[in-house]
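Encoded as structure tokens, the structure appears first; notes follow it.
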Amino acid sequence: MPGGGRIWASLPMPALVLDEADHVTAINPAAELFFNTTVRHLEHTLVYDALAVDAPVEEALVRVRRNRSAIFINDVAVGTGERAPQTCNIQIAPMVEEHTDGRPSDRVLFIVTPREIAGRLGRSMNTDSAARSAIGMAEMLAHEIKNPLAGITGAAQLLSMNLSNGDKELCDLIVGETRRVTKLLEQVEQFGNLRPPRLRAVNIHDLLDRARKSALVGFAAHMAIQEEYDPSLPAALADADQLLQVFLNLMKNAAEAADRPAGAGAGRAITATGQAGTIRIRTFYDSSLRVRRNDGQPARLPLQVEIVDDGPGLPAEISAEVFEPFVSGRENGTGLGLALVSKIVADHGAVIGVDSSPGHTAFRISLPVAPDGWSGDAQS
């Protein structure tokens, strides 16, 4: 095992140590989880026999030792006899250590980062940063703009009392538009007013059922909602009210997307069954995702919730920025719903990502499990 056992054990990416002859001498806990194996099973095994890697690994190891520098191999399939291949990024680096006679060691560190995890973590950190950077300025502007808007609305209402029908319509338009802007500003202020989450052990299926029932009597009344729940999931560590808000926002977003065909401004035609689209809610357990908390400690996020719609997919020009404030794929959309979702998820120490293509857009939230005996009412 490399020096610094705690660091090695908390490393969130699967990692292996190879000796001078490319035999596996150590693997960290993240690698045991990802490859569904143990160090005893892989120890003293050639890395080429232990892992199925769709890349010239042997040649890369020779170059790393010869040049004493790291090599990065991106987007390669990595698997084992116990696990199907998965697209990953690989980093191979020389160990910073020497033999007793002063010669540099030929041991190397072999790190595997699943592309899905790397992409989701990167997007989560970037979008959370973007949301937070906009909050302070947006909240201040919202507060300052609402006061003159109230004056404009009042003046327009007074003018309309003594005007003819044609001019009165213009005043009504002013009133309507100022109220719309005021509503937008109130949404902006939600960011600043959002309290830290009070973490408790919560049943995510109960929350999903509440969100589903609310959706079916409101914004998703003409849609089908399908459930694919894993009934064995343990309780999540979350703020129930805030997580319910996240689920409702994502379902509303899915309903609006599924009800809109690609390239059209009008809603999708209602079918003979009275449904305009389908929302699928899926839950499952995935032990491979780990992140590092703000205090430096590793955290597992095995509880997965997916909300999937069959709409046209996210526009290509905004797919990488969909969680940022004021980015929207809908006409007259505020772009604040998903930004708020991103902030709440990040405040929980959780991760959200999206995978979108025509006919299939899936938002996935990865949540922590509530510890055994959790008493609750703690803040994140």
Side-chain angles (χ1 to χ4, degrees), residues 1-2 4 7-18 22-37 39 42 45-96 107-129 286-293 296 298-302 304 316 319-323 350-357 362 364 366:
M1 180 182 295
I7 297 176
W8 174 249
S10 63
L11 193 67
M13 292 83 70
L16 304 87
V17 176
L18 310 182
D22 298 339
H23 293 96
V24 178
T25 61
I27 67 174
N28 69 343
E32 291 183 338
L33 284 171
F34 180 71
F35 293 119
N36 193 27
T37 188
V39 64
L42 293 186
T45 304
L46 278 170
V47 68
Y48 328 116
D49 297 333
L51 304 181
V53 182
D54 187 18
V57 173
E58 188 171 3
E59 177 185 337
L61 288 166
V62 170
R63 290 173 55 195
V64 166
R65 293 189 176 102
R66 182 180 65 234
N67 300 328
R68 306 301 302 171
S69 61
I71 285 179
F72 296 85
I73 308 173
N74 294 328
D75 299 335
V76 296
V78 181
T80 68
E82 303 294 330
R83 178 161 186 158
Q86 184 171 340
T87 303
C88 302
N89 298 335
I90 294 175
Q91 179 181 358
I92 307 174
M95 300 285 289
V96 184
R107 294 205 305 166
V108 298
L109 188 62
F110 194 99
I111 299 177
V112 178
T113 306
R115 188 174 63 179
E116 178 189 5
I117 293 176
R120 289 170 60 202
L121 289 176
R123 285 192 298 272
S124 179
M125 288 186 288
N126 290 338
T127 55
D128 177 45
S129 175
D286 182 356
S287 62
S288 65
L289 181 58
R290 294 189 176 197
V291 297
R292 191 173 299 280
R293 299 194 309 242
R300 295 174 60 190
L301 304 176
Q304 313 299 318
S319 58
E321 304 171 340
V322 70
F323 295 109
V351 171
I352 185 169
V354 60
D355 178 30
S356 183
S357 59
R364 184 196 292 190
S366 302

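Just so you know, these numbers come straight off a predicted model, no measurement behind them.
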Please list, one pair per line, the donor and acceptor atoms closer than 3.5 Å that link side chains of residues 52-66 to other protein atoms, with sequence neighbours excluded.
unit_1	atom_1	unit_2	atom_2	d
R65	NE	D106	O	2.7
R65	NH1	D22	OD1	2.8
R65	NH2	D19	O	2.9
R65	NH2	D22	OD1	2.7
R65	NH2	D106	O	3.4

Tell me whether T25 contacts the main-chain N or O of V17 through its side chain, where contact means a donor paired with an acceptor under 3.5 Å.
yes
How about C88 and V112: do any of their side-chain heavy atoms sit closer than 4.5 Å?
yes
To check you understand the geometry: which heavy-atom pair defines the closest contact between E32 and I27, and what is its length?
CG-CD1, 3.4 Å
Do I90 and V76 come within less than 4.5 Å of each other through their side chains, counting heavy atoms only?
yes
Kindly give the heavy-atom pair with the smallest separation between L42 and V24, and that separation in Å.
O-CB, 3.5 Å
CE of M95 to CZ of R68, rounded to nearest 0.5 Å, is 10.5 Å
If we ignore hydrogens and angles and just use 3.5 Å, is the side chain of Q91 paired with the main-chain N or O of N89 as donor and acceptor?
no
For residues A350 and S366, report the shortest heavy-atom separation together with the two atoms involved.
CB-O, 3.0 Å
Rounded to the nearest 0.5 Å, what separates atom CD1 in I92 from atom CZ in F110?
4.5 Å
Tell me, please, which residues at least two apart from S357 pass side chain to side chain contact (heavy atoms under 4.5 Å, CB included).
H360
Can you tell me if N28 uses its side chain to pair, donor with acceptor, with the backbone of A15 under 3.5 Å?
yes
Shortest non-hydrogen pair, R364 vs D286, comes out as NH1-OD2, 4.2 Å
CG of L51 to CG of L16: how many Å apart, nearest 0.5 Å?
6.0 Å
All side chain to side chain contact (heavy atoms under 4.5 Å, CB included) counterparts of S69, not counting sequence neighbours:
N67
